[in-house]
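Both ligands and their constituent atoms are indexed starting at 1 by order of listing.
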Amino acid sequence: MIREIFLQRITRPGPPWDLAVVGGGATGMGMAVDAAARGYQVVLLEQSDFGKGTSSRSTKLAHGGVRYLQQGNISLVMEALKERGLLLRNAPHLVHDLPFVVPNYQWWEAPFYGIGLKVYDLLAGQYGFGRSVVLSPEQTLARIPTLQREGLRGGVLYHDGQFDDSRLLLSLAQTAAERGACLLNYARVTRLLKVEDQTLSGLEFRDQETGREYRLQARCVINATGPFCDELRLMDEPQAESMLAPSQGVHIVLDRSFLAGDTAIMVPHTRDGRVMFAIPWHGHAVVGTTDTPILQPTLEPQPLDGEIEFILDTAGNYLSRRPGRADILSAFTGIRPLVRSDRASSTAALSREHTITISKSGLLTIAGGKWTTYRKMAEDGVDHAAVLAGLKERPCLTRDLPIHGWQKEPAKDKNLAVYGSDAAALEQLMRDQPALAEPLHPALPICGAQVVWAVREEMGRTLDDVLARRTRALFLNARAAVAMAPAVARLMAAALGRDQSWQDRQLSEFKQIASHFIVSPC
Ligand SMILES: Cc1cc2nc3c(=O)[nH]c(=O)nc-3n(C[C@H](O)[C@H](O)[C@H](O)COP(=O)(O)OP(=O)(O)OC[C@H]3O[C@@H](n4cnc5c(N)ncnc54)[C@H](O)[C@@H]3O)c2cc1C
């Protein structure tokens with residue numbers, strides 16, 4: 001993946017692209033993989049970095065959604081459970097089974113959740129990860145020693161999948177590129193082009209690195225801009241009605257000592273009627289989330305004080321050590337691209353199913369859904385787009401398509417496991433240049449080789465790209481990420497051929513971004 005080569009391919013005169021995908025999140029990248037695997041000529045443009053939007057800010061669960069089961073949405077749960085199984089098969093280096101416990105403090109909870117989770121097992125069928133079981137208080141505490149002991153009656157154990165969202169996205173980008181897709185980050189679509197009869201014929205985009213504007217022709221333009229999809233729809237039809245009801249969700253990251261053991265906690269019903277998770281992730285504990293309706297989506301959303309207090313309060317009810325603001329290592333916020341419904345009374349009640357709409361001019365908008373179902377969304381999206389573009393019908397191949405890095409056995413070095421089969425090349429880089437094997441900060445197991453790799457192989461262009469999504473430093477410990485930023489900037493500048501003023505600008509921009517992840521102690 002070399003940005004300069006992709007840009008040359010786009011700007012070279014040639015026939016129209018079969019499909020032009022706008023948006024480099026799970027939805028858009030899934031479509032690029034699917035289309036390229038079918039042999040269509042596909043280009044994808046992302047205004048910032050791949051995964052900069054919601055797709056790096058999720059709870060990171062490949063799940064059927066116990067909550068949707070509570071809402072009675074059986075078809076959504078079944079579809080997601082099947083996709084969870086396919087994801088584990090196609091990306092075993094990125095997705096793994098995670099045991100969850102629903103702790104019980106009331107007499108009715110064990111039978112109620114015990115039966116509900118048996119139904120969840122049944123719906124998973126052949127794609128099941130493991131059977132749910134009812135646990136005694138002792139068994140529950142053996143799994144999660146830091147659970148609140150007072151009043152504990154036991155727990156129900158069940159299984160779901162966990163993954164690293166931005167690493168999965170980057171692996172999908174590599175999969176798409178290997179199949180011939182052309183992918184450009186820092187390319188913002190600014191205008192849609194139409195022919196006389198008002199049919200879409202292509203688009204105009206700005207290279208955010210140079211400010212230059214380019215045009216490209218495409219048989220079908222796909223709006224996969226997630227929470228921003230109304231903006232592109234308005235470019236197409238200035239009178240278009242908004243189709244989204246965006247809401248934000250916050251997670252906080254704590255030291256792992258708050259959640260001992262390898263089991264996650266699932267609280268099925270918080271004060272505001274939501275589900276809350278406390279999950280072990282990359283040696284830390286992630287706790288969330290909230291659901292707060294917002295007016296306007298932004299690329300760098302920020303947690304509200306009320307959301308932080310709510311998460312701390314809820315976590316404090318279930319953990320033996322009550323976390324406070326000073327314990328928060330990082331807080332990240334994502335925006336749900338929820339499709340509006342007149343019937344739902346809150347955004348938490350809105351459907352997580354995806355929606356495909358086609359405008360009069362032929363703009364295909366695909367929105368909603370979940371990370372877990374990105375493959376199915378892409379299959380549906382490309383099926384529709386191929387008809388719209390008048391392309392030769394070709395079957396979807398992604399059900400059995402291994403994702404870049406596919407490797408059955410995890411890498412020996414636990415910290416490099418998410419790279420799958422690429423881990424060997426990273427290890428070689430460290431052997432060749434031992435200085436690159438040194439951790440860049442004592443609090444995080446991230447080393448210089450990952451930075452060099454991110455620039456050379458994964459189109460990492462900015463400090464934020466490397467510290468937030470190619471490594472997860474910013475998400476795991478925002479202050480440590482800021483502290484390691486100068487060393488990372490030096491390594492990146494050497495790899496990209498940039499000067500000191502580039503490093504200075506990057507450092508100041510990154511500090512600004514990191515301020516959205518840092519929670520003040522009081
Ligand atoms: C708090 C939270 C937790 C979640 N947890 C889970 C979970 O555990 N499991 C699960 O399955 N799902 C989860 N989800 C849902 C899942 O994360 C989203 O459904 C998914 O990431 C949406 O992907 P997307 O590609 O549609 O949107 P995005 O990831 O936001 O991608 C859209 C992209 O379009 C780009 N863009 C916008 N305008 C333009 C333009 N003009 N030109 C070029 N590019 C543009 C943006 O920069 C952005 O990168 C969660 C969501 C939230 C908010």
Indicate yes or no for a side-chain donor-acceptor contact from [X] to the backbone of [Y] under 3.5 Å, with no hydrogens or angles considered.
X	Y	answer
S55	G25	no
K60	S58	yes
R89	R399	yes
R167	R470	yes
K370	H63	yes
D327	L254	no

To which protein heavy atom is [atom] closest, and what is the distance rounded to 0.1 Å?
atom	value
atom 14 (N) of ligand 1	S58 CB, 4.0 Å
atom 27 (O) of ligand 1	G226 CA, 3.5 Å
atom 18 (C) of ligand 1	T54 CG2, 4.0 Å
atom 33 (C) of ligand 1	E46 OE1, 3.5 Å
atom 5 (N) of ligand 1	T59 N, 3.0 Å
atom 45 (C) of ligand 1	Q47 CG, 3.5 Å
atom 19 (O) of ligand 1	G369 O, 3.3 Å
atom 42 (N) of ligand 1	V189 N, 3.0 Å

Tell me which one of [options] gets a heavy atom nearest to [atom].
atom	options	answer
atom 16 (C) of ligand 1	Y186, F205, W371	W371
atom 22 (C) of ligand 1	G24, S55, S48	S55
atom 34 (O) of ligand 1	A367, G23, G288	G23

D165 and R469: salt bridge (charged side-chain N to carboxylate O under 4.0 Å, His left out), yes or no, with the steps? CA-CA 9 Å; D165 48 8; R469 289 168 297 280; over 6 Å; no
Under 4.0 Å from any heavy atom of [X], which atoms of ligand 1 are there?
X	result
P227	27 (O), 30 (O)
V22	40 (C), 42 (N), 43 (C)
G334	53 (C)
F228	37 (C), 38 (N)
T372	9 (N), 10 (C), 11 (O)
T289	1 (C)
R188	41 (N), 42 (N)
L45	43 (C), 44 (N)

Ligand 1 contact on [X] by region, counting heavy-atom pairs under 4.0 Å:
X	value
E231	neither
I335	backbone
A187	backbone
A224	backbone
T190	neither
K60	backbone

Under the criterion side-chain hydrogen bond (donor to acceptor under 3.5 Å, both in side chains), which of K376, R375, E379 is the partner of T398? R375
Regarding [X] and [Y], does a basic nitrogen lie under 4.0 Å from an acidic carboxylate oxygen?
X	Y	answer
E300	R57	yes
R84	D160	yes
D207	R212	no
D262	R256	yes

Would you give the length of the straight line joining atom CG of N185 to atom OG of S48, rounded to the nearest 0.5 angstrom?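 Interatomic distance, N185 CG to S48 OG, rounded to 0.5 Å: 8.0 Å.
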Do G249 and ligand 1 have an N or O pair less than 3.5 Å apart?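 For ligand 1, there is no N or O atom that lies under 3.5 Å from one belonging to G249.
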State yes or no: are the ring centers of F100 and Y158 separated by less than 6.0 Å? yes
Determine whether the aromatic ring centres of residues F475 and W281 are separated by less than 6.0 angstrom. no
